[in-house]
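Everything below concerns the one structure shown next.
All heavy atoms count here, side chains included; hydrogens, waters and symmetry mates do not. So you know, we letter chains A, B, ... as the sequences are listed, proteins then strands, and number each from 1.
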There are 2 protein chains.
Amino acid sequence: MANKSCIIRLSMYRNALIRLKTLNFVKVFSDNLADVARVTSVQVRKDFSLFGISGNRRGGYLIDELISQISAILGKDKVQKFIVIGIGNIGKALLNYPSFKKNEIELVAGFDIDMNKHNRDVEVPILPLEELGKFVAENEIKFGVISVPDFAAQEVLELMFRAGIKGVLNFAPICLKEPPDCVVRNINLETELENIIYFTNFAEQAGASR
Amino acid sequence: MANKSCIIRLSMYRNALIRLKTLNFVKVFSDNLADVARVTSVQVRKDFSLFGISGNRRGGYLIDELISQISAILGKDKVQKFIVIGIGNIGKALLNYPSFKKNEIELVAGFDIDMNKHNRDVEVPILPLEELGKFVAENEIKFGVISVPDFAAQEVLELMFRAGIKGVLNFAPICLKEPPDCVVRNINLETELENIIYFTNFAEQAGASR
DNA sequence: AAACTGTTGTGAAAAATATCACATAAATCA
DNA sequence: TGATTTATGTGATATTTTTCACAACAGTTT
Ligand SMILES: NC(=O)c1ccc[n+]([C@@H]2O[C@H](COP(=O)([O-])OP(=O)(O)OC[C@H]3O[C@@H](n4cnc5c(N)ncnc54)[C@H](O)[C@@H]3O)[C@@H](O)[C@H]2O)c1
Ligand SMILES: NC(=O)c1ccc[n+]([C@@H]2O[C@H](COP(=O)([O-])OP(=O)(O)OC[C@H]3O[C@@H](n4cnc5c(N)ncnc54)[C@H](O)[C@@H]3O)[C@@H](O)[C@H]2O)c1
């Protein structure tokens with residue numbers, strides 16, 4: 001029904017709305033959201049229409065209502081717990097990032113094979129990989145992040161899956177084979193940089209030949 | 001002509017090819033690449049056809065040739081220099097990541113407003129923001145990464161643009177307004193996590209009602 | 001050397017996504 | 001109260017992207 005980019009846009013709208021709310025906005029027009037999310041206003045309305053979200057035929061949308069409707073769709077009406085496997089550069093950056101919590105995303109534990117990284121005496125403990133299954137079961141974790149080196153990623157994914165994890169964000173630069181009924185999204189930063197290189201060069205050429 | 005996801009796939013194919021090459025593969029079939037990049041083999045061939053890349057009607061593709069052809073398209077036939085603005089968690093993670101260099105991407109300097117972060121006595125120096133313009137001009141930098149807090153991101157982008165940067169990867173969780181002839185790609189990790197939450201819940205519901 | 005096999009390459013069809021065009025509703029004004 | 005203005009909501013249309021179907025081809029077998 002809804003497509004991936006539509007959901008990404010919903011997230012962005014929600015972000016924008018929260019921002020606008022702190023500026024004491026009470027209602028918004030699809031045009032406002034379009035500006036902030038860098039899309040067209042029709043796109044905004046179409047996205048809403050897809051989820052049965054509606055505003056007032058003239059007065060736009062009430063921010064509070066809109067936020068809670070989008071939040072419900074995105075599962076942000078309750079805190080969603082994540083674990084992070086691989087507490088290196090990326091893993092640490094994620095665990096240190098305070099804003100997730102503000103948006104109902106809670107990183108509840110890290111896991112690593114390197115025992116030097118283990119640490120139970122902090123709010124978000126770093127645990128040995130062996131405890132993954134137990135922890136996931138006891139705390140009913142559904143989501144996780146993979147930030148281990150590429151060669152370990154597939155193996156870690158399978159471990160997570162067996163533990164009961166249903167959704168994974170992967171930073172390792174390989175395309176993981178997703179187990180059945182498990183959602184995996186790959187983020188490949190190198191690929192992103194290459195994309196920029198390509199389109200920058202391309203734009204230059206196009207510009208030059210104009 | 002070529003679309004964004006096609007270029008992303010080219011990057012993935014290239015990655016896969018390099019991986020296969022280290023396993024002493026000499027040629028590949030579109031099927032092999034499809035497996036590694038998790039797409040269909042038609043997609044692979046179609047992507048190639050779009051760029052006039054062709055193989056042997058029966059024997060697949062010669063890895064070496066293929067790598068160099070894709071590399072040329074992606075601008076990987078020479079080292080591409082990037083700067084990073086904002087040397088916090090994410091900025092540091094990027095600068096510490098050794099694999100960029102292996103793939104012709106070189107992070108040549110970091111910039112920060114916090115003078116405690118400045119450091120010239122290392123391979124990749126961290127410089128004050130004031131030196132951005134000079135550095136970019138002198139070193140002919142075209143690309144950069146934004147890893148500053150959200151409220152500073154737009155301002156930093158404009159600074160980079162005025163300095164002559166043409167392509168930017170942005171980690172701040174806002175949609176930046178791209179200056180003319182400047183390519184900007186936004187990575188929003190929170191949005192990615194929300195995406196996973198949505199599609200995991202969605203898959204569960206679909207599964208349950210089956 | 002003809003038949004066969006397995007893979008590429010691509011125009012055509014299908015599916016997914018975004019845009020357009022405009023009817024519809026609410027608020028304001030005359 | 002009726003005309004006017006200004007958004008929304010959405011079926012129809014256009015565009016983009018993927019998949020299908022199959023011809024072209026190069027080896028291999030008989
Ligand atoms: N750092 C970056 O900027 C960057 C950029 C692009 C891609 N990546 C990718 O992101 C991933 C993480 O990068 P990083 O820089 O944080 O790596 P890192 O080497 O700093 O950290 C990896 C961590 O994973 C742990 N680990 C290794 N094998 C494990 C296993 N089987 N189970 C659990 N933990 C294990 C290690 O002990 C280490 O703490 C890598 O796949 C990397 O290729 C990172
Ligand atoms: N760390 C994460 O896991 C994470 C997750 C999601 C999003 N992000 C986003 O990525 C960006 C970077 O995150 P982070 O965790 O590395 O932040 P951070 O706070 O650790 O680092 C930000 C750095 O930017 C510098 N800075 C601030 N204003 C600046 C300016 N005008 N010019 C130059 N430097 C400036 C600060 O001195 C600091 O060193 C943020 O926008 C954040 O919202 C980070």
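- At a threshold of 4.0 angstrom between heavy atoms, the contacts of A:S41 with the nucleic acid are absent.
- Per the geometry, CZ belonging to A:R57 stands 5 Å off C1' belonging to C:dA25, to the nearest Å.
- Atom CG of A:L50 and atom P of C:dT19 are 15 Å apart (whole Å).
- With distances taken from any side-chain atom of B:R9 to the nucleotides C:dG9, C:dA21, D:dT18, the minimum falls on D:dT18.
- For the pair A:D47 CG and D:dT10 P, the computed distance is 13 Å after rounding to whole Å.
- Within 4.0 Å (heavy atoms only), A:F48 reaches no atom of the nucleic acid at all.
- The minimum heavy-atom distance linking B:I87 with B:D112 is given by the pair N-OD2, 2.7 Å.
- A:F29 has its CZ atom 7 Å from the P atom of D:dT8, to the nearest Å.
- Spacing between atom CD of A:Q69 and atom P of D:dT8 amounts to 14 Å, rounded to whole angstrom units.
- You'll find the ring centres of B:F48 and B:Y13 inside the 6.0 Å limit.
- The side-chain heavy atoms of A:I83 and A:N139, taken from C-beta on, include no pair separated by under 4.5 Å.
- Between B:L62 atom CG and C:dT7 atom P there is a gap of 15 Å when expressed in whole angstrom units.
- Between B:F82 and B:F143, the ring planes are parallel. Angles under 30° get that label, and only those over 60° would be called perpendicular.
- Residue whose closest nucleotide on DNA chain C sits further toward the 5' end, between A:N56 and A:K4: A:K4.
- Between A:F51 atom CZ and D:dG9 atom P the separation is 15 Å, expressed in whole Å.
- Nearest to the side chain of B:R45, among D:dA7, C:dT10, D:dG9, sits C:dT10.
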*Would A:I85 and A:L159 satisfy side chain to side chain contact (heavy atoms under 4.5 Å, CB included), going step by step from the backbone distance to the final call?*
CA-CA 11 Å; A:I85 322 289; A:L159 202 64; over 6 Å; no
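- Judged by distance alone with a 3.5 Å cut-off, no donor-acceptor contact links the side chain of A:R58 to the base of D:dA7.
- For the pair A:C6 and B:G59, nearest-nucleotide mapping onto DNA chain C gives the more 5' position to B:G59.
- A:Q43 has its CD atom 17 Å from the P atom of C:dA21, to the nearest Å.
- For A:N3, the side-chain atoms get nearest to C:dA18 when compared with the rest of C:dG9, C:dA18, D:dT19.
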